[in-house]
2 protein chains.
Amino acid sequence: MTERTPSEASRDIPEATVARLPVYLRALTGLSEAGTATCSSEDLATAAGVNSAKLRKDLSYLGSYGTRGVGYDVEYLLYQIAREIGVTQDWPVVIVGIGNLGHALASFSGFRSRGFRVVALLDADPRRHSEVVAGVDVRPFSDLEAIVHEHGVAIGVISTPAPAAQDVADHMVAAGIRSILNFAPTVLAVPDGVDVRKVDLSIELQILAYHEQRKALGAAGVARGAGGELEGRPA
Amino acid sequence: MTERTPSEASRDIPEATVARLPVYLRALTGLSEAGTATCSSEDLATAAGVNSAKLRKDLSYLGSYGTRGVGYDVEYLLYQIAREIGVTQDWPVVIVGIGNLGHALASFSGFRSRGFRVVALLDADPRRHSEVVAGVDVRPFSDLEAIVHEHGVAIGVISTPAPAAQDVADHMVAAGIRSILNFAPTVLAVPDGVDVRKVDLSIELQILAYHEQRKALGAAGVARGAGGELEGRPA
DNA sequence: TAGATTGTTAATCGATTAACAATC
DNA sequence: TAGATTGTTAATCGATTAACAATC
């Protein structure tokens, strides 16, 4: 049997598993708020929208936090996953680009409730510097480095238009930020050691459009009987 | 009896490839706007942020649109990928939930420029029904079915708070929508045949936090604990 | 022809899943 | 003990990558 301390167990977690841990965390929070003390892998998997084999496999990378024949203690597993992800600590975040999307991000309560604290909103446009969004002043982009150092910011969010994004990323990296969440529709070049995650609204829609198109082709190609469903109302 | 008339190669394109086609499309648009007539797989791969082997493998699922020894005609490949994704046609979209995020989505120019047309903004709150966002009236949620049928809407965007999202999804499905882009931080249950894609801001941040935490641990000197990190696992 | 680059093959890598022994 | 459920194994599936024959 392989011996594992928690810190050793945290070495080798597959990316696909890492991406699901926050989903499990959210599902556990829901169970906790509903007053559930214990849950089976089947219960939690259902709440998280995955199958239970995958859930157990994923949890096995963290350690053995369940009890055979019984299940998982909700609060205990909640804490262990939160610790593994790192959201038991506070993460100061800076948002650059306070347009429509930046406003929405700054106002998004889900950040603060999950260990992220928006410490600064930056925009290159002086006309925005008089604004206060969600209780935080909008400040000049040139304040980036000072703010990063002052608050120990490790995570930056880019919500500028595409043409500005690479320059913003360069300045973030220069200031010491090594994790970037990019909403601008552009590919960012960053040095090794810097993580970029990308959220791209029109790419998501295009993926849906691809599948939607194939559904429509299928419906048109299949015998007439199924075609009526397109115009009629689903039961 | 099913008659398949796949015009070229509408066979099974792997999901991972489908998700990258919009990225290639964007890169090609950039090359086109820069006046580039022809590009190699290496050029395009660089612009798209992938390696050229993956790019060629991906394109091979669509057909043979390049010329050996020469490369790809930018405009031709642009059109072929756009057609494959389905963005040569117009996709009417409805957005439900016109809070901060809904405002930002409704104002997002990237939708319209890529074949998506926001035909309606819906909100359950009557106080929002007087608003006009990006030239579109905010209308009652109860108008959903009429609007879906009137415009032939196939794609719905949910930007409501989490507690409302399942009900919105249920009504979308009942109205005939089969592709949903969900921004609400909740797992949606939908029937087979309905596609849901999820954009979850705090999950993205949590994934970054996980990696950031590991970087910080590494920098703090976990070298001791990591002594056998690169060894194979005991069998 | 000689050089360039695609499209494809095959090896490898990583993720998913079903099944079940371990064990509470 | 008997029933329940975890944690792990091993098979399978899907994605990535390097290499190169085909061919412009």
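Chain A is the first sequence line, chain B the second, and so forth, proteins listed ahead of strands; every chain is numbered from 1. Values reported hereafter were calculated over all heavy atoms of this structure, with side chains retained and with hydrogens, waters and symmetry mates removed.
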Between [X] and [N], does any side-chain N or O lie under 4.0 Å from OP1 or OP2?
X       : N      : value
B:Arg20 : D:dT16 : yes
A:Tyr72 : C:dC24 : no
B:Ser41 : C:dT6  : yes

Exercise. Establish, from distance only, whether the side-chain atoms of B:Asp58 and B:Thr17 form a donor-acceptor pair under 3.5 Å.
Key: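 Note: B:Asp58 and B:Thr17 side chains meet the donor-acceptor criterion.
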Quiz prompt | Stepwise side chain to side chain donor-acceptor pair (under 3.5 Å) test for B:Asp43 and B:Thr46 | solution = CA-CA 5 Å; B:Asp43 297 335; B:Thr46 300; over 6 Å; no
Nearest to the [X] side chain among [options], which nucleotide is it?
X       : options               : answer
A:Lys57 : D:dT9, D:dT5, C:dT5   : D:dT9
B:Ser40 : C:dT5, D:dT17, C:dT17 : C:dT5
A:Ser60 : D:dT8, D:dT17, C:dA15 : D:dT8

Quiz item: Which part of the nucleic acid, if any, lies within contact of B:Ala16, taking any heavy atom under 4.0 Å across all strands shown: a base, the sugar-phosphate backbone alone, or nothing?
Solution: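 Contact class for B:Ala16: sugar-phosphate only.
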Quiz item: Touch check for B:Glu15, heavy atoms < 4.0 angstrom, all strands: base, sugar-phosphate only, or nothing?
Solution: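 Sugar-phosphate only.
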Quiz prompt | hbond_proxy B:Arg68 side chain to C:dT5 base (donor-acceptor, 3.5 Å cutoff) | solution =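 Between C:dT5 and B:Arg68, which were checked side chain against base, a qualifying N/O pair under 3.5 Å is absent.
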Self-check item: Sidechain-backbone polar pair: A:Thr29 side chain, A:Leu25 backbone, donor-acceptor under 3.5 Å
Solution: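 Yes; judged by distance alone, with no hydrogens or angles, the pair exists.
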Quiz item: Under a 3.5 Å cut-off for both distances, is D:dT6 Watson-Crick or wobble paired, and to whom?
Solution: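 Check on D:dT6: paired to C:dA21, both distances under 3.5 Å.
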Quiz item: Between A:Val187 and A:Gln166, what is the shortest heavy-atom contact and its length?
Solution: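 Scanning both residues completely, I find the closest heavy atoms to be O-OE1, 4.0 Å.
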